[in-house]
Amino acid sequence: MMKKFPENFWWGAATSGPQSEGRFNKQHANVFDYWYEVEPELFYNHVGPDTASNFYNSYEEDIALMKDINLNSVRTSIQWTRLIDDFETASLNEDGVRFYNNVIDEFIKQGMTPVMNLHHFDLPVELYHKYGGWESKHVVDLFAKFARRCFELFGDRVKHWFTFNEPMVIVDGQYLYQFHYPKVVDGKKAVQVAYNLNLASAKAIKEFHDLKMNEKGAKIGTILNLTPSYPASDKPEDVEAGRIADLWRNEMFLHTAVYGEFPPALVELLTKDKVIWESTEEELAILKENTIDTLGVNFYHPSRVKAPDVAPNSVGDWMPDRYYDNYAMPGRRMNLDKGWEIFPEALYDIAINIRDNYKNIEWFVSENGMGVSREDRFLNEEGVIEDDYRIEFIQEHLEWVHKGIEEGSNCYGYHLWTPIDCWSWMNAYRNRYGFISNNIHTQVKTIKKSGHWIKEVSTNNAIE
């Protein structure tokens with residue numbers, strides 16, 4: 001039986017500038033460029049972002065491969081560090097403007113909708129060293145200037161814009177759990193950064209509105225890594241842990257983006273704990289007036305929590321996870337290679353949550369996928385990687401997305417992470433995610449079995 005998807009459904013994939021382009025002709029370093037320069041030993045096999053997938057040089061051939069597998073939309077990002085010369089004035093880098101114009105034009109020429117994101121963990125490092133990065137409201141204003149430049153330059157052709165990719169990961173990685181540079185552990189700073197990122201998104205949307213981009217047929221949103229926080233049991237203490245984890249991990253960005261204000265229960269909690277952010281009435285008005293038109297949802301694995309083993313009112317520095325512990329469910333199904341649980345049903349739960357609690361805003365799966373290492377194990381005699389595990393993974397997730405759509409959730413697309421195997425931060429190329437493989441030594445790219453499969457899905461606009 002064929003399960004049809006809505007007309008004009010997006011069948012696509014997502015990547016980012018810093019993970020695909022390489023550092024060619026880039027005047028400034030972002031935080032990951034810099035981190036690799038100073039601590040290359042922390043990156044898998046010492047592989048950094050210098051070449052990445054060589055998209056800066058091979059974008060025409062790469063986009064042609066995406067066309068070969070019948071993708072109708074592709075999301076990437078515009079690097080602040082490539083487009084802008086002077087961050088204070090937002091003066092333009094001529095080569096950066098040329099490159100992004102060419103990429104956008106090539107996508108359109110090949111019949112693909114370009115979807116553009118403005119920040120994918122790639123803060124210019126000098127703005128961190130000079131101002132403290134997202135700790136600074138001045139940096140928020142500089143980001144709004146950068147966003148305006150992007151709308152002015154490319155808004156005649158790009159109609160789908162997103163401000164941030166996974167802002168929660170910036171908070172967690174840079175300010176709590178040390179997996180992004182500068183590896184700070186400071187709960188109060190993390191709270192302020194979360195506020196500032198919400199404000200930066202709203203200020204970018206304000207620039208979008210000031211330029212009347214909506215009147216030109218464009219929409220703007222944000223991309224959030226969402227998952228329900230499933231409690232370990234129905235005991236009140238586990239349910240409460242799930243409620244607070246949801247407030248911090250999901251609602252802090254989702255509720256604010258959709259409703260223009262922070263969840264009252266979160267504000268109450270952070271105020272009680274004396275870590276509440278600094279805000280002004282003017283800023284809160286900007287948040288209220290500049291909400292999103294559309295939402296991107298990244299989902300890889302579920303979030304499971306239980307009541308914390310240590311009492312939340314214990315003495316010590318504030319961290320959000322004083323209220324919950326992560327929970328490993330016995331009998332869970334795993335991608336052992338990556339260490340992530342596989343639970344496709346969560347995408348249905350997300351779909352229904354958006355339908356019932358977030359204005360049934362239009363949304364798409366902006367990232368989903370599975371990372372597997374040493375994929376050359378699955379190479380057949382014709383030189384094709386037989387990644388049946390990836391096909392099964394996508395198929396199962398799409399079945400739950402389809403169920404959500406059938407029940408009225410306003411989902412308009414599915415993007416795999418990623419079109420072509422790309423550089424994955426500290427993991428470098430350890431785990432591969434793409435429809436298309438990349439030999440990082442020769443930059444020869446080859447369509448995997450999953451790429452041939454998605455071509456059929458896209459052509460039929462349906463899954464079996």
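We count residues from 1, following the sequence as given.
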Roughly how far apart are [X] [atom1] and [Y] [atom2], rounded to 0.5 Å?
{"X": "Asn30", "Y": "His120", "atom1": "CG", "atom2": "NE2", "value": "11.0 Å"}
{"X": "Thr89", "Y": "Ile84", "atom1": "OG1", "atom2": "CD1", "value": "8.0 Å"}
{"X": "Glu341", "Y": "Ser303", "atom1": "CD", "atom2": "OG", "value": "10.0 Å"}
{"X": "Leu123", "Y": "Gln174", "atom1": "CG", "atom2": "CD", "value": "6.5 Å"}
{"X": "Thr271", "Y": "Leu266", "atom1": "OG1", "atom2": "CG", "value": "8.5 Å"}
{"X": "Leu127", "Y": "Trp80", "atom1": "CG", "atom2": "CH2", "value": "5.0 Å"}

- Task: Starting from the C-alpha separation in whole Å, work towards a yes-or-no answer on side chain to side chain contact (heavy atoms under 4.5 Å, CB included) for Tyr327 and Asp238.
- Result: CA-CA 10 Å; Tyr327 171 67; Asp238 286 338; over 6 Å; no
- Query: Which word best sums up how the rings of His28 and Phe87 line up, parallel for under 30°, tilted for 30 to 60°, or perpendicular for over 60°?
  - Reply: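 Tilted, since the angle between the ring planes falls between 30° and 60°.
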Are any non-hydrogen side-chain atoms of [X] and [Y] less than 4.5 angstrom apart?
{"X": "Trp318", "Y": "Lys274", "answer": "no"}
{"X": "Asn250", "Y": "Ser229", "answer": "yes"}
{"X": "His119", "Y": "Ile170", "answer": "yes"}
{"X": "Ile420", "Y": "Thr15", "answer": "no"}

With a 3.5 Å cut-off and no angle check, do the side chains of [X] and [Y] form a donor-acceptor pair?
{"X": "Tyr300", "Y": "Asn335", "value": "no"}
{"X": "Ser53", "Y": "Tyr429", "value": "yes"}
{"X": "Asn101", "Y": "Arg157", "value": "yes"}
{"X": "Thr163", "Y": "Ser201", "value": "yes"}
{"X": "Asp337", "Y": "Ser373", "value": "yes"}
{"X": "Ser409", "Y": "Trp363", "value": "yes"}
{"X": "Glu39", "Y": "Tyr181", "value": "no"}

- Partner of Leu83 under side-chain contact (heavy atoms from CB on, under 4.5 Å), chosen from Leu92, Asn93, Asp95: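 Only match with Leu83 under side-chain contact (heavy atoms from CB on, under 4.5 Å): Leu92.
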Short side-chain to backbone donor-acceptor contact, [X] and [Y], under 3.5 Å:
{"X": "Asn117", "Y": "Arg75", "value": "no"}
{"X": "Asn368", "Y": "Phe299", "value": "yes"}
{"X": "Asn360", "Y": "Gly408", "value": "yes"}
{"X": "Asn54", "Y": "Thr51", "value": "no"}
{"X": "Arg23", "Y": "Pro49", "value": "no"}
{"X": "Asp86", "Y": "Ala90", "value": "no"}

I need the minimum non-hydrogen distance between [X] and [Y], along with the two atoms involved.
{"X": "Lys306", "Y": "Asn326", "result": "CE-O, 4.2 Å"}
{"X": "Asn290", "Y": "Lys206", "result": "OD1-CA, 3.2 Å"}
{"X": "Tyr433", "Y": "Ser424", "result": "CE1-OG, 4.2 Å"}
{"X": "Met112", "Y": "Ser73", "result": "CG-N, 4.2 Å"}
{"X": "Leu118", "Y": "Ala147", "result": "CD1-CB, 3.6 Å"}
{"X": "Ile286", "Y": "Lys203", "result": "CD1-CE, 3.9 Å"}

- Item | By side chain to side chain contact (heavy atoms under 4.5 Å, CB included) - contacts of Ser136 (at least two apart) |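 If we apply the side chain to side chain contact (heavy atoms under 4.5 Å, CB included) test to Ser136, skipping adjacent residues, the hits are Tyr131, His138, Val139.
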- Looking at Phe343, does the NZ or CZ of Arg304 lie under 6.0 angstrom from its six-membered ring centre and within 45 degrees of the ring axis?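 Judged by the rule, Arg304 and Phe343 form a cation-pi pair.
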Would you say the rings of [Y] and [X] are close, in the sense that their centroids are separated by under 6.0 Å?
{"X": "Trp134", "Y": "Tyr175", "value": "no"}
{"X": "Phe24", "Y": "Phe99", "value": "no"}
{"X": "Trp11", "Y": "Phe5", "value": "yes"}

State plainly whether the residues [X] and [Y] are in salt-bridge range, i.e. N to O under 4.0 Å.
{"X": "Lys137", "Y": "Glu278", "answer": "no"}
{"X": "Lys26", "Y": "Glu21", "answer": "no"}
{"X": "Lys403", "Y": "Glu406", "answer": "no"}
{"X": "Arg243", "Y": "Asp246", "answer": "no"}

- Task: Evaluate the criterion ring-ring contact (aromatic ring centres under 6.0 Å, His included) for residue pair Tyr414 and His397; output intermediate values, then yes/no.
- Result: CA-CA 10 Å; Tyr414 177 91; His397 283 79; 7.9 Å; no
- Do Phe364 and Phe162 pass the ring-ring contact (aromatic ring centres under 6.0 Å, His included) test, and can you show the C-alpha distance, the side-chain angles, and the key distance before you say yes or no? CA-CA 12 Å; Phe364 79 113; Phe162 291 88; 5.6 Å; yes
- What's the verdict on side chain to side chain contact (heavy atoms under 4.5 Å, CB included) for Asp321 and Trp248, showing C-alpha distance, side-chain angles and the deciding distance? CA-CA 9 Å; Asp321 57 6; Trp248 176 258; over 6 Å; no
- Residues that His180 engages under ring pair (Phe, Tyr, Trp, His ring centres under 6.0 Å), provided they are two or more places apart: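 His180 satisfies ring pair (Phe, Tyr, Trp, His ring centres under 6.0 Å) with Phe32, Phe121 only.
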Please tabulate, one pair per line, all N/O donor-acceptor pairs under 3.5 Å involving side-chain atoms of residues 345-352, not counting sequence neighbours.
from: Tyr348; atom 1: OH; to: Glu407; atom 2: OE1; distance (Å): 2.5
from: Tyr348; atom 1: OH; to: Glu407; atom 2: OE2; distance (Å): 3.4
from: Asp349; atom 1: OD2; to: Tyr230; atom 2: OH; distance (Å): 2.5

- Residues Phe179, Trp425; criterion ring-ring contact (aromatic ring centres under 6.0 Å, His included); working and verdict: CA-CA 9 Å; Phe179 57 87; Trp425 319 114; over 10 Å; no
- Task: Please check if atom NZ in Lys188 has more than 12 non-hydrogen atoms from other residues, nucleotides or ligands closer than 6.0 Å.
- Result: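 Yes, NZ of Lys188 has more than 12 neighbouring heavy atoms, counting only those of other groups under 6.0 Å.
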- Message: Can you tell me if Lys235 has over 12 outside heavy atoms packed within less than 6.0 Å of its NZ?
- Response: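 Open.
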- Assess whether side chain to side chain donor-acceptor pair (under 3.5 Å) is satisfied between Asn102 and Asp105, documenting all intermediate values. CA-CA 5 Å; Asn102 288 349; Asp105 289 345; over 6 Å; no
- Would you check, one step at a time, whether the test ring-ring contact (aromatic ring centres under 6.0 Å, His included) holds for Phe262 with Trp277? CA-CA 11 Å; Phe262 290 94; Trp277 46 67; 4.2 Å; yes
- Could you walk me through whether Ile276 and Val267 pass the side chain to side chain contact (heavy atoms under 4.5 Å, CB included) test, one step at a time? CA-CA 7 Å; Ile276 192 68; Val267 174; 4.2 Å; yes
